[in-house]
Amino acid sequence: MKYPHNEVEAKWQKYWEENKIYKTDFSKPDEKVYSLVMFIYPSGAKTHCGHWYNYGPADTWARYRKMKGYNVFEPFGYDAFGLPAENYAIQTGIHPYDSTIKNIADIKGQLKRIGCMYDWDAELMTCSPEYYKWNQWLFLQLYKKGLAYRKNAPVNWCEKDQTVLANEQVKDGKCERCDNPVVQKNLTQWFFRITDYADELLAGLDTINWPEETKTKQRNWIGRSEGAEIEFPVEGSDNKIKVFTTRPDTVYGVTYVVLAPEHPLVKEITTDENLAAVNAYIDQTKFLTEIDRTSTTKEKTGVATGAYAVNPVNGARIPVWIADYALLTYGTGCVMAVPGHDERDFEFANKFGLPVKKVILQEGTSAGDPLTAAFTETGTMINSAQFDGMNSDDAVKAITEHIEKLGAGSKKINFRLRDWLISRQRYWGTPIPIVYCPDCGEVPVPEEQLPVELPYDVKFKPTGESPLKSHPSFMKAKCPKCGNENGHRDPDTMDTFVDSSWYYFRYLDPHYSENIFNTELAKTWIPVDMYIGGREHSTMHLLYARFIHKFLRDLGLTAADEPFRRLVHQGTITNQGAKMSKSKGNVVNPDSFVERFGSDVFRLYLMFMGPYEDGGDWSDQGIVGPERFVEKIYNLVVKYKGILDTAPAPGKLDPAALNPEEKAVYRKINQVIEQYDRDLENLGFNTSIAALMDLSNEISRTFDKCSDSVKSYVLIRLAVLLAPLAPHFGEECAEIIGVKESLFKSPVWFTPDPAALVKESVNYAVQVNGKLRATIEMPVSAGKDELVAAAMADIRVSKFVEGFTVVKEIFVPGKILNIVVK
RNA sequence: GCGAAAGUGGCGAAAUUGGCAGACGCGCCAGACUUAGGAUCUGGUGGAGCAAUCCUUGGGGGUUCGAGUCCCCCCUUUCGCACCA
């Protein structure tokens, strides 16, 4: 009989929904599990295999915890603001709101077919004023604390799309969408001061259960480096050039100083003779694309400013240059160049004929040997006044202290992390709650006037400015402070990563109107216990969310230091080796598979492919494996319909009273429970499924010779083990054999019977000189001597021992005997 | 260039602390039932060899009674970051 997956799945989905089986009771936080997946961007492409691969297995883990008696909260929502909907509007004229709402409706229908235990009462979407109001509120809190500020800064600009691009939209210096080179452009933009939290963001990584690879990425992204800031006075002026260096030990080897071309000091110090060349160079760098600018293979360029600076430690007069290898955005934007001990400086000095001075001696070389390359490691200090002879590692501290005494600088910790640029010249996002008054300047919108609503009636054109700018009634605003009627709003909207940086709080009570989220519930339900989503968010969303979380904690809204206790990245499902994408036309639509095999089989197949964190290349070749497995189990349970009514499943059985087949299957089911429990906790879906298949094979071998109570014992456990992996099917199997209530309404879990796991005999591997020669079945009680005797009596072993001397016998109880001969 | 992860049958893969390599599944082969099989069931299936046996976890060394697993060197692939001073 064929398993009618369509009817069965529809039946249980209806039952779950009508009976609100997955509504979370927040009043019982004792055994709470907050299980979260990254919410979906509702694009027109709907859900694809990648989404299923994220949500299905994540739901299996949550259901497993539910079956074990935990109070599980599994919400779902929509990351509904964003550029694609706006681009779609430019192309088609369909309003982002309309397309988003339609996509959400479609996606919700698909999601329901997956059969996840989402608490739909907790559903949220970021484009509703009820949600984004609190983005604005958050902005105002940051503003109050000085953590939201405006500054003019270079940003990524795509000439073709006529728009600013977020860092994450720049891939290898090119626009992710149109593949055009990205250039730098200066604009006044809003930033969030994430750098204030750099130290804590770094330290917090040690307290959370996240993949090491992700923590490493965040550490590298934050990029803490210890060193010193040193001031080089400019000759003949009051200006000082402040540099950051991680190698203060090399300060006696400085032979020139480099400023970033955009550095404000350049204008002030450049001499008249050099002005033309400097301006030409600045113009040249301005129009360089990001790829050209940052290419490591690019030959070094630069020009002299004509100015000179003084090395504070030895009074040396050194030229000041500008070069684009100095980055305005890192450190102070100025570099002290030590060509003898830095590869880049060495290359630059050689090209422009600048002197190279050796101040650290490599072991085994002499001071007179010429440098053919920069020596960047530690050695003995030379040409460094009173520090000569010191180990350069020790000199770092000594010289820094010396510089401090001279008043020329101090110890400094620098970060690679930059403040978070949140302005976007886009329509489809959260309006920035700031009014610009001709009299008062920038004025925050008072909290009671929130939300600043996004108007519907705008014109979508790729002009390089937010469509809001040409919406007169939106832009016009009265100054909240002085009442001046000639104020105007900020035309930009916020980066959508702001939306996603706190949404996990909002799920707890998405319609709560008193505060950004329900702080009472957050006390017991935050942090999130399990967060599952893609690696691509390692240094963006996951870093922003940690930052905002810590800020909300500092406001006293939550006690937890970190938002996500445990993080797992699912692997990527590729198609013919390439990531699935609409433009490549290689997206696999799950619908046809779900139609043909059912959601459960599709989910099982995805989970059975391999380790969850590895993903894999899509192929529909193997889906018949899980399908056959489901059909086989279905036919089995149908054969034993209602068996629990006539033969209730015993809590445990006495192995001694069982026949060999019963004993075998009793042992197997208990072994499977043990393995399943261990594997599923760690998202080892593939091996859990393999264990159930193994059980199924054992059942085929033994069931005909088993009593009804053994069968009941096995079948009820089988149904329970199936339920997290294939929820509709598990429920159906349970019902068929006679379970009276939904497994997810009244969860049950079985622990393995230790008596079933006790072995009576061991199949010993017997080796001679480490090579397997025989396997010998022995009672568990057998000791070394008995096993050696049995082994020597076995021709397969003795033939390799005879004629040699036995040196020793290695005996590992329960496992192995290795006879070493000579 | 720097950083991270990974390399096991024809394929997806498995292998508590170092202890019988290849569980489970796909595919393939043989057989059974069939008018039929792209259904189902049973058995087989890393390579070489008639066999005893030998070889086998990217390559090469090492530690060990014993290495897919630990150590060193190298190769390949994927993914991040990329002049970070």
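Throughout, protein chains are lettered first and strands after them, A, B, ... in sequence-line order, and every chain is numbered starting at 1. The model shown is predicted, which means the values in this text are computed figures rather than measured ones. The basis for the numbers below is simple: all heavy atoms, side chains too, and nothing from hydrogens, waters or symmetry mates.
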Taking NZ, NE, NH1 and NH2 as the nitrogens, is one of them in A:Arg344 or A:Glu347 under 4.0 Å from a carboxylate oxygen of the other? no

Determine the interatomic distance between [atom1] on [N] and the same-named atom on [M]; round to the nearest Å.
N	M	atom1	answer
B:A6	B:U17	P	15 Å
B:G59	B:C75	P	15 Å
B:A13	B:G58	P	14 Å
B:G61	B:A52	C1'	33 Å
B:U35	B:G44	C1'	29 Å
B:A4	B:C73	P	14 Å
B:U53	B:C41	P	36 Å
B:G25	B:G31	P	23 Å

When all nucleic acid strands are considered with a 4.0 Å heavy-atom cut-off, which category describes [X]: base, sugar-phosphate, or nothing?
X	answer
A:Arg535	nothing
A:Thr775	base
A:Val820	sugar-phosphate
A:Gln767	base
A:Asn697	sugar-phosphate
A:Lys799	sugar-phosphate
A:Pro611	sugar-phosphate
A:Arg224	nothing
A:Asp345	nothing
A:Val624	sugar-phosphate

Report yes or no: do A:Tyr325 and A:Asp345 form a side-chain donor-acceptor pair below 3.5 Å?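 Short answer, yes.
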
Side chain of [X] only, please: which of [options] is the nearest?
X	options	result
A:Arg416	B:C20, B:C84, B:A14	B:C84
A:Asn818	B:A85, B:A4, B:C65	B:C65
A:Lys632	B:G19, B:C41, B:C20	B:C41
A:Lys808	B:C84, B:C65, B:G3	B:C65
A:Ile810	B:U42, B:C65, B:C24	B:C65
A:Asp342	B:A85, B:C20, B:U16	B:A85
A:Glu213	B:C83, B:A4, B:C84	B:A4

Residue matched to B:A85 through Watson-Crick or wobble contacts both under 3.5 angstrom: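 Across any shown strand, B:A85 pairs with none.
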
Should B:G18 form a Watson-Crick or G-U wobble pair with both distances under 3.5 Å, which nucleotide is its partner? none

Can you tell me if [X] touches the phosphate of [N], counting only side-chain N or O atoms and a distance under 4.0 Å to OP1 or OP2?
X	N	result
A:Arg628	B:C26	yes
A:Asn686	B:G12	no
A:Arg773	B:C54	yes

Walk me through whether A:Tyr640 and A:Phe703 qualify under ring pair (Phe, Tyr, Trp, His ring centres under 6.0 Å). CA-CA 11 Å; A:Tyr640 297 109; A:Phe703 246 34; 5.7 Å; yes

Heavy atoms from other residues, nucleotides or ligands near NZ of A:Lys411 exceed 12 (cutoff 6.0 Å):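 Not buried by this count: 12 neighbours or fewer within 6.0 Å.
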
Centroid separation A:Tyr605 to A:Phe593 less than 6.0 Å: no

A:Lys217 (side chain) and B:C81 (base): donor-acceptor pair under 3.5 Å: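 No such pair is found, so the answer is no.
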
Once the angle between the rings of A:Tyr256 and A:Trp321 is folded into 0 to 90°, is it parallel (under 30°), tilted (30 to 60°) or perpendicular (over 60°)?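 It falls in the perpendicular class, over 60°.
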
Any donor-acceptor pair under 3.5 Å linking the side chain of A:Tyr676 with the backbone of A:Leu721?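 Yes; judged by distance alone, with no hydrogens or angles, the pair exists.
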
